[in-house]
Structures are given as C-alpha cells and as structure tokens.
Amino acid sequence: MDEKKKNFDIVLSTRDISVVRGIKHLENAGNVDSRRSLTFLFVDKGKIKLEMNKMTVVGKRHDMIVCPPNLILNNSKTSLNFEGKAVMLSNDFLLSIISNVRIKWVKVFNNRMSPVIHLDDDFVRLLDIYERLLLKRVTMFRGRMFEEVVTHLTLAFLGELSCYVEREGNTGDDPSVPVRQCDVLFKKLITMVNNNISSSTMPNRSIQFYATELNVTPKYLTHVCKLCSGQTAKELIDSIIINRIEYLLLRSDLSVKEIAM
C-alpha cells in the first residue's frame, strides 16, 4: 500500500503476529483474502459493515469481529467517525497452538460462532492494558527473545478472550452461520496429525495414511488443504511436525539427537 494513503499504524509486525491500530475509512477497500491468517478486528468508534463470504456483518463500538482463515472479506463500509484496530495471526501460528490445551481455541476460531462479539466495559479496559503493555514493549530494546515475549503476550490475550467467550456463552453453536464440509475435514486432519505426533515415536507423514483414515482420496485431501490453508497436504503435515520440533527444542529436556530420532 502507498505510504501516503495508509489509514492505519502498524504497531507490531513479526513473522506470525501483526498488530495494527488507528484504522479508519475502509470504504470500498475491495476484496481482502484472509485465507492465510486469523484476524480480530476491534471497533473503537463508529460502525463498520462488510461481507464475509457473502454474509453481511455489522460491527459497532466495542464490538470484535472474528475473521477466521479461509474467508473473503469485501464491500466494507465505515461511518465517518470509524476507528478500529486489528490483531492478525498467521496460519503457521494457529497450527502451532491448535493442540495447546491452555487455549480453548475452538470457541474463538470456530466458523459456526457468530463473527461479532460485543465486549463489555471491563473487558475493553483489560484489552487496553494489553495494548499499552505491547506499545511499551515495542519501544524498548528488543533482544533475541523479543518474538518469544510477543508470542507469550499473544497467548495470554487469546486465553483472556477464550475466558470471556466462555463466560458470555458464545460456545460456537450458532446454526445461522454455515459450516463447509471441507472446513470440518481440514480440522479433523489437523487434530489427527497432532494426535499422531504426540502419541507416536515415529510420526506418520504419509498423505495416503491420513486420507485413508478420513475416508477420502489423497488428491481430495490436498485440494481441501489448499483451499483452507493455501498449503498442500504434505506441506501442512510437514509444518505441523516442524512446529512440534521447534516446541521440543525450546521447551523439552530432550537432546537434539533424541528429537531427530
């Protein structure tokens, strides 16, 4: 985007996490493909109206709009006084936390939930604290552990969000928002690969193995993965295994040789 035409400020941008604030005037912003990322859009002032896969969504002050991966956003319109901010998480980051029991991520990322969640005053103040903490942190010396710190702050934010969604009873069971069969299959594949990696000393990396377990052809499984994540089935399986390796290297007592084996 042309620097002169930007109507937002990038607070943070790492490989997996981006935070943008001061978003204004999204009128006729055109199509936005969110296939590769999950976006939380927070409305600070005014209103916004947009289409998510042809479903009209309206957000007002103190609303949060959840835009899961595999969505096309278009026809956005905002009131003149609109202001907002957004947190964007990469597909790789989502894959790395899917099996994290600390984050009840399904309740927040599930395509069946209403994409608009209204935040009460107490929770808005809590998010403001996180925002101020992050703003302060990015102005200080970053150091080699900076991205690790940002990751932990993001996990804490997602944990708080999960607690809020659970308290408000938004458990992801809104029947008015359709679920595509490919989304269900994609989530089953991710769960199956994660379970296989966690429980087996020799993780299975065969597309045929998972396709057989899911009762589909390898070609169709790859098609679903490309549609939902932009990756082939092989790339997806490899990325999950790589995330597991990174986790073991950082947080386990295993030697490099043991992890390699």
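- Partners of D44 under the salt bridge (charged side-chain N to carboxylate O under 4.0 Å, His left out) rule, at least two apart in sequence or in another chain, are K85.
- At least one donor-acceptor pair under 3.5 Å links the side chain of S79 to the backbone N or O of K47.
- In this structure, D238 CG and R205 CZ are separated by 4.5 Å, a value rounded to the nearest 0.5 Å.
- Taken to the nearest 0.5 Å, the CE atom of M88 stands 8.0 Å off from the OG atom of S13.
- Applying the salt bridge (charged side-chain N to carboxylate O under 4.0 Å, His left out) test to D16 and every residue at least two apart in sequence or in another chain returns nothing.
- Residues I17 and I242 do not share a hydrophobic cluster, defined by chaining ILVMFWY side chains whose heavy atoms lie under 4.5 Å apart.
- In this structure a side-chain-to-backbone donor-acceptor pair under 3.5 Å is missing from D63 to V43.
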(Q) Working note: T151 + E147, criterion side-chain hydrogen bond (donor to acceptor under 3.5 Å, both in side chains); need CA distance, chi angles, decisive distance, verdict. (A) CA-CA 6 Å; T151 296; E147 290 199 16; over 6 Å; no

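- Looking at heavy atoms from C-beta onward, L119 lies in side-chain contact with F42 at the 4.5 angstrom threshold.
- Judged as a salt bridge (charged side-chain N to carboxylate O under 4.0 Å, His left out), and not counting sequence neighbours, the contacts of E148 are R251.
- In this structure, S162 contributes its side chain and L158 its backbone to no donor-acceptor pair below 3.5 Å.
- A donor-acceptor pair is defined here as one N or O able to donate and one able to accept, closer than 3.5 Å; such a pair exists between the side chain of S239 and the backbone of L236.
- Tracing side-chain contacts under 4.5 Å through hydrophobic residues (I, L, V, M, F, W, Y), one never reaches V149 starting from M140; they form parts of separate clusters.
- Linking Ile, Leu, Val, Met, Phe, Trp and Tyr residues whenever their side-chain heavy atoms come within less than 4.5 Å leaves V116 and V58 in two separate clusters.
- At most 12 non-hydrogen atoms from other residues, nucleotides or ligands lie less than 6.0 angstrom from CG of N215.
- A salt bridge is defined here as a Lys NZ or Arg NE, NH1 or NH2 lying under 4.0 Å from an Asp or Glu carboxylate O, and D122 with R125 meets this definition.
- Side chain of Y210 to backbone of N204: a donor-acceptor contact under 3.5 angstrom is found.
- In terms of modelled atom types and a separation under 3.5 Å, the side chain of R137 and the main chain of R142 share a donor-acceptor contact.
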